[in-house]
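This report concerns only the one structure given below.
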Number of protein chains: 2
Amino acid sequence: MSDSPVPAARLSERPIGVFDSGVGGLTVLRALRAELPAESFIYLGDTARLPYGTKSGHTVARYALQAADELVEGGIKCLVVACNTASAAALPALQQRYAEIPVIGVIEPGARAACAASRSGRIAVLATESTVRGGAYTQAIARLRPDARVTAIACAVFVALAEEGWTDGAVVEAAASRYLAPLRAAGPDALVLGCTHFPVLGQAIAAAVGPGLRIVDSAATTAAAVRQELATRDLLRSVGGDTPVVELLATDGIERFAAVGGRFLGAPIAPGTVELIDL
Amino acid sequence: MSDSPVPAARLSERPIGVFDSGVGGLTVLRALRAELPAESFIYLGDTARLPYGTKSGHTVARYALQAADELVEGGIKCLVVACNTASAAALPALQQRYAEIPVIGVIEPGARAACAASRSGRIAVLATESTVRGGAYTQAIARLRPDARVTAIACAVFVALAEEGWTDGAVVEAAASRYLAPLRAAGPDALVLGCTHFPVLGQAIAAAVGPGLRIVDSAATTAAAVRQELATRDLLRSVGGDTPVVELLATDGIERFAAVGGRFLGAPIAPGTVELIDL
């Protein structure tokens, strides 16, 4: 029968699908590859419609479902929503739609990392406009640690700076100082980078807030959550099999994806290796 | 017969359609309203898919045709493509598709303004990545003034700064200084703001390049070109008729459109007056 369940042994050979609005999610792919070196990955960046961070939750959810359909139809064993904005707007809808595979977002792991890093319970969240407006981090942190006091700041310009490759210098310092001024009064001891673009600005952000503040992002904790989930379901790929493969797909501007993406992946992307798809 | 031509007398009562990728084109609408106070306007900002400036020409052209279809089906007497990126990528295609009405972009008027402002023929163009890559300004200026030497600089971060409302202060000054450094050697005497977001940053840009450089944008010259074209075709609305109306449509985030758009239109936009449409 054509729709009989795939045996777990074969299912485990499938790639892990990673979805993002663009290149920022490559920081999550980088952490996933470090955590799970035997796995294959297929990464889809919806570059034709980025950024998601300034759009409404309704529109972001619609785009996320279209992109996820593409990955799931291609055959994946697990879906990672690397985009904070899409995780905040669409994770329950995605988990309901693809109930047969684990669907993991970055908000919950990021909130967990922040709670673990904070002693005082005063936590700062830097994210996109849409993520801050939706309150997903604040709610996730409150569930884990009801006494926490969260200061969430929307930092739209950081996305443009990261995409432009301006990760240090006067512009980044001035932008960080302007965005982070409210933190002086709030006095957090942990700060979560709630957008996949922000880790490349981590040093400038750390310099702007001064010592004594622990900066965490979702990438490493998300990768750990994916490993845990695959282990539980006996879906980890065995070491020593075929060489793992990383496929990169984008909905627009594949040359730009390769040029800009290397900065986020932490390794150069050869031009010609990114495949253009239409959603 | 249902498809008989509309008499010019009735056609002149129709609104002028203005299309942009988002809120930046409201700087062009502002100039149009000042130049043509008796006219009605219908403005469509494709906020669900902005920004166009980092996307491929092919994708921008596809989006522009969809948006223009919506305006033309609604009944307009003239289409103004306020977005530089869409003008650069799609103007010939739009003019061919809607041959029955004037279709006016902002590149040609902007190039004309730059040529008129320059004595030396050394002209700077600040625009989005897509507009610079396509070379539309450089080509338009070369047609008008073959001896001109054009320095075109892609300034993606300016779009984010304008959208964030950061129009002065340390961040804008540092960004302007960083982008405009190459102009010190090129020594232009005229600079065209080749993106509708940039006029709100005009003062900071002027300060960064120093005195002796004339800064022009497409808005006023585009408005003059529209007046000229309507006058030639006898399509100007007569003064003293019904009160002119301005309709604002957006494909996403109508609250954000109203909040951010006022800065570009130069007048507040009341929440609830922007209509959400789907393309």
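None of the values given here were measured: they were computed from a predicted structure. To find a chain, count down the sequence lines: A is the first, B the second, and so on, and within it residues start at 1.
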- Task: Working to the nearest 0.5 Å, report the span between CD of B:Glu164 and CZ of A:Phe158.
- Result: 10.0 Å

- Note on the structure: On a heavy-atom basis, the closest approach of A:Asp168 and B:Arg178 is O-NH1, 3.4 Å

- Item | Residue-level interface, residues 54-62 of chain A with chain B, non-hydrogen cut-off under 4.5 Å | A:Thr54, A:Lys55, A:Ser56, A:Thr59, A:Arg62

- Report the option among B:Ala175, B:Gly253, B:Ala156 that has the most heavy-atom pairs separated by less than 4.5 Å from atoms of chain A. B:Ala175

- Item | Proximal component of B:Glu163, with respect to chain A [non-hydrogen, under 4.5 Å] | neither

- Query: With a cut-off of 6.0 Å (strictly less than), are more than 12 heavy atoms of other residues, nucleotides or ligands near CD of B:Gln203?
  - Reply: no

- Item | Region of A:Glu173 that comes under 4.5 Å of a non-hydrogen atom in chain B | neither

- Message: Given heavy-atom pairs under 4.5 angstrom as the criterion, report whether the side chain, backbone, both or neither of B:Tyr52 touches chain A.
- Response: neither

- Query: With a 4.5 angstrom heavy-atom cut-off, which part of B:Arg256 approaches chain A: side chain, backbone, both or neither?
  - Reply: side chain

